[in-house]
Number of protein chains: 2
Amino acid sequence: MSEGPSQPPSRGEDAREALLRSAITAFGEQGFAAASTRAIAVAAGANPAMISYYFGGKQGLYEAAVQHIADQMGAHMGPVAARVQRAKSELDQAPPADAPARYFDLLWSLVEALVGILASERSAPWARIILREQQQPSAAFEILYGGPMSRLLALATELIAAMDTGRRSPAEHRLTALGVLGQVLVYRAARAAVLRHMEWPRLGDPELQKIKTALRRNLRCMLGVDDG
Amino acid sequence: MSEGPSQPPSRGEDAREALLRSAITAFGEQGFAAASTRAIAVAAGANPAMISYYFGGKQGLYEAAVQHIADQMGAHMGPVAARVQRAKSELDQAPPADAPARYFDLLWSLVEALVGILASERSAPWARIILREQQQPSAAFEILYGGPMSRLLALATELIAAMDTGRRSPAEHRLTALGVLGQVLVYRAARAAVLRHMEWPRLGDPELQKIKTALRRNLRCMLGVDDG
DNA sequence: GTAGGTTAATTAAACGATTGATTAGCTGAG
DNA sequence: CTCAGCTAATCAATCGTTTAATTAACCTAC
């Protein structure tokens, strides 16, 4: 992907990471075009030429930043997804009487983790890059979608299908999963309108709790699970 | 707002509008920084100097474009919102037995209009600008939110409150409205992921119908309205 | 152990291209 | 003639990138 040295002998690794970090911030805050390589290099305490040296240019730096985001997203959601996946397999093999409610709890674990990430201000730079890629996918979009994103959507869809009583089609299950995603995504994609409409100064912990409560209630009846 | 002539005597009005139109496209596709004034002028068949002449510069052109979007959005949603508002007032004064279902139908009119706009490719340039403003609000955000956006959210919240049986708080009603918005917004904000996950080549009319069906079902149980 | 050489890491300086904006001058209708 | 509408040319600034030169680390030879 990047044209830099394949295995840097740990010498310039810190400079590389510093560039990557300030690149994510800059690209997230200002977008690809508006972010200047000079400003990124200065923020990283490096020389502008290091960008070409390590990443082969601005484009390479951007793709490396997207890859880094995908990795971090996988690191955050991976353990939760793996645990849910495992629990679902067990439920599939020996479904208890309250199977739908159990499936719902698993889905809720996923949603809770996701909304926690999306609501936190720490994920703002990621989220902006991801949303921008959604609207005009570049070559970097495959890095994002092919990674944890498609896995998450697929897992949520499977859970929704599992707790369905069997009347709805697979396409409807996928649409339901997108509806769930939308209710989570709105708190990042339309954050400014959310804060204004709720008359919240910011989106902190108490606000997140209220969001989670409302979200869980919405999902429960959307999925036809009477009791959680 | 813009520094141009306040009342152009209808002579250069067509050039002004051509600039505005290509500006919306360019800003939507590439963002504020990436869109070049030269490219916008060329696309409009005008001279780059006309941007400073009419709008006082790139910033002024952008704000004028946002204002234009807010106006168009108001023109599209305004009639529907007004009709819903009127019907709601009548329901408020003499609530029939099936009042909740009637309120729901009104909310559905709003949602259906909104998803129709957001899904259509014609609204893509608007939507990108709006979403960008949501994530990093500039001075232009007030133009957008102060316009039809806040009115739409407020109206939806009132409808949700009206069809609620009375147990939930106003804050919960607002959160529910945001949940509804999220389920609509996802088809624009995460369009690339939507297409991939649904395995749709594009988002046309048949796809929109399926979305509406699923959406209406989700809303109905979210709002506790058994029958539509 | 240390001198010398090899190579990766980093720097300063400059490149051409493009940016937003400004200028002065031209056009044509009233 | 007058003046708003419009054009061509040019401005300084900044962009991403490249170049050549310098520094720092490591490895080998003695």
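A quick note: this is a predicted structure, and the numbers were derived from the prediction, not measured.
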Next on the checklist: Test: salt bridge (charged side-chain N to carboxylate O under 4.0 Å, His left out). Region: residues 130-142 of chain A. Which pairs qualify, not counting sequence neighbours?
Outcome noted: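 Passing the test, one end in residues 130-142 of chain A: A:E142-B:R196.
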Nearest-Å distance for atom pair [atom1]/[atom2], residues [X] and [N]:
{"X": "B:I40", "N": "C:dA21", "atom1": "CD1", "atom2": "P", "answer": "11 Å"}
{"X": "A:D14", "N": "D:dA25", "atom1": "CG", "atom2": "P", "answer": "12 Å"}
{"X": "B:Q30", "N": "C:dT19", "atom1": "CD", "atom2": "C1'", "answer": "13 Å"}
{"X": "A:I51", "N": "C:dA12", "atom1": "CD1", "atom2": "C1'", "answer": "16 Å"}
{"X": "A:Y54", "N": "C:dT11", "atom1": "OH", "atom2": "C1'", "answer": "13 Å"}
{"X": "A:E17", "N": "C:dA9", "atom1": "CD", "atom2": "C1'", "answer": "16 Å"}
{"X": "B:N47", "N": "C:dT23", "atom1": "CG", "atom2": "C1'", "answer": "12 Å"}

Checklist entry - So what is the 5' to 3' dot-bracket string for DNA chain D, if pairs are Watson-Crick or G-U wobble with both distances under 3.5 Å, crossing pairs use [ ] and | means the partner sits on another strand? => result ||||||||||||||||||||||||||||||
Next on the checklist: Using a 3.5 Å distance criterion without hydrogens, assess whether the side chain of A:S123 forms a donor-acceptor pair with backbone atoms of A:A119.
Outcome noted: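 A pair under 3.5 Å: no.
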Result block: side-chain N/O donor-acceptor pairs under 3.5 angstrom for residues 43-51 of chain A, not counting sequence neighbours:
unit_1, atom_1, unit_2, atom_2, d
A:N47, OD1, A:A49, N, 2.9

Side-chain donor-acceptor pairs of residues 27-41 of chain B under 3.5 Å, sequence neighbours excluded:
unit_1, atom_1, unit_2, atom_2, d
B:S36, OG, B:A39, N, 3.0

Next on the checklist: Going by the rule salt bridge (charged side-chain N to carboxylate O under 4.0 Å, His left out), which residues pair with B:K88 if we only count those two or more places apart in sequence or in a different chain?
Outcome noted: B:D92, B:E158
Checklist entry - What residues, two or more places apart in sequence or in another chain, satisfy salt bridge (charged side-chain N to carboxylate O under 4.0 Å, His left out) together with B:R174? => result none
Distances under 3.5 Å between nitrogen or oxygen atoms of protein and nucleotides 10-15 of chain D:
unit_1, atom_1, unit_2, atom_2, d
D:dT10, O4, B:R38, NH2, 3.3

Next on the checklist: So if I take every side-chain heavy atom of A:M50 and compare against C:dT23, C:dT11, C:dA21, which nucleotide ends up nearest?
Outcome noted: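 The nucleotide sitting nearest to the side chain is C:dT11.
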Next on the checklist: Holding to ring pair (Phe, Tyr, Trp, His ring centres under 6.0 Å), I want the full list of residues that pass it with B:H76, two or more places apart in sequence or in another chain.
Outcome noted: B:W126
Checklist entry - By side-chain contact (heavy atoms from CB on, under 4.5 Å), which residues pair with B:L195, not counting sequence neighbours? => result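 Per chain and number, B:L195 pairs via side-chain contact (heavy atoms from CB on, under 4.5 Å) with B:R191, B:W200, B:L203.
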Item to check | Side-chain N,O (A:Y53) to OP1/OP2 (C:dA9) below 4.0 Å | outcome: yes
Next on the checklist: Under a plain distance cut-off of 3.5 Å, with no hydrogens placed, do B:Q67 and B:D71 share a side-chain donor-acceptor pair?
Outcome noted: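 Distance-only check passes for B:D71 and B:Q67.
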